[in-house]
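Counting starts at 1 for both ligands and their atoms, following the listed order.
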Amino acid sequence: MEEFYINNDGIRLHARLDRAAEKGPLCILIHGFTGHMEEDHIITAQKAMNEAGISVLRAEMYGHGKSGGEFKDHTLYKWVTNALAVVSYAKGLDHVTDLYMCGHSQGGLLTMLIGGMCADDLKAILPLSPAWMIPDNAREGIVLGNRFDPEHIPEKLVSDSWELSGDYIRTAQTIHVEDSISRFKGKVLIVHGNEDPTVPYSYAEKAAGLYSDAVLIPIHGADHCFVGHLDELADSIKEFFGSGMNNI
Ligand code: FER
């Protein structure tokens, strides 16, 4: 494992690279809202990909883990800018052939957005429990179950465990994920627990229907982070890379 920082216009993005081969494919892997790269479901995804012969570049986004920026100041726009820097870094690595991107929850939404922006760079994307209702919720005046007036966005949003700037909402309200979905023509693997209390499973079904080449693997009885179902998450990923990707 190599540990380093990727510079994104002065913001240091903490990264870890786990190589699977001398030369070969690489998957970028991103955590969710309040998450980081050492969470059980992130490590499970990393190990499954390594076992499938794919190197993994985990990176932490603005305001998360050991990366720069404060949590309260993060926005999806900042994460998009960060992720583009990570894609650019990965494209510059000599040992990388095909490039993939995977992310959990808000990182899954990010993966869908970057899929639309880097459609020619990414051979496949793997949104895990992707939180792509965030922009819809922001327009409706809901953030993680907390209500606000969507036409008069407060200066800050506060819950028991986090505080966010109103800019998080202002930017999220302008994002229309369907546009990103329609731009990505490669293979998509969506893995989602059908008892996820954070992101409705129906969003996974909707995304799978909208992508031109998507597989949806439901994990029965699993919650948002696949607690107690990590083996099934690993198997879904290994199966996708083992059989699915060889057919391209
Ligand atoms: C929300 C629902 C889910 C939200 C964020 C999430 C900020 C993200 C969850 C995650 O990444 O685990 O309303 O608003």
Which of the ligand 1 atoms, numbered from 1, are nearer than 4.0 Å to a heavy atom of Gly32: 11 (O)

Lys/Arg N to Asp/Glu carboxylate O, Glu163 vs Lys72, below 4.0 Å: no

Are the aromatic rings of Trp132 and His192 close, with centres under 6.0 Å apart? no

Worked verdict on His41 versus His224 for ring-ring contact (aromatic ring centres under 6.0 Å, His included): CA-CA 10 Å; His41 52 287; His224 190 50; 7.8 Å; no

For Tyr100 and Phe241, I'd like to know if the aromatic rings sit close, meaning centre-to-centre distance below 6.0 Å. yes

In plain terms, say whether Asp121 and Lys91 are close enough for a salt bridge, that is, a side-chain N and a carboxylate O under 4.0 Å apart. yes

Who gets closest to atom 14 (O) of ligand 1 by heavy atom: Ile169, Leu164, Val143? Val143

Can you tell which of Met133, His104, Glu140 gets a heavy atom nearest to atom 3 (C) of ligand 1? Met133

Give the numbers and elements of all ligand 1 atoms closer than 4.0 Å to a heavy atom of Gln106. 10 (C), 11 (O)

protein heavy-atom neighbour closest to atom 7 (C) of ligand 1 works out as Tyr168 OH, 3.2 Å

Mark up the atoms of ligand 1 that fall under 4.0 Å of a heavy atom belonging to His224, in ascending order. 9 (C), 10 (C), 12 (O)

Residue from Ile114, Asn8, Ile28 passing side-chain contact (heavy atoms from CB on, under 4.5 Å) with Val86: Ile28

Could you tell me whether Leu144 and ligand 1 have an N or O pair separated by under 3.5 Å? yes

Subset of ligand 1 atoms that lie under 4.0 Å from at least one heavy atom of Phe33: 7 (C), 8 (C), 9 (C), 10 (C), 11 (O)

Ile175 pairs by side-chain contact (heavy atoms from CB on, under 4.5 Å) with which of Ile134, Asp136, Leu113, Val80? Leu113

What protein heavy atom lies closest to atom 10 (C) of ligand 1? Include the residue and the distance to one decimal. Ser105 OG, 2.5 Å

Among non-hydrogen protein atoms, atom 6 (C) of ligand 1 lies closest to Ile134 CD1, 3.7 Å

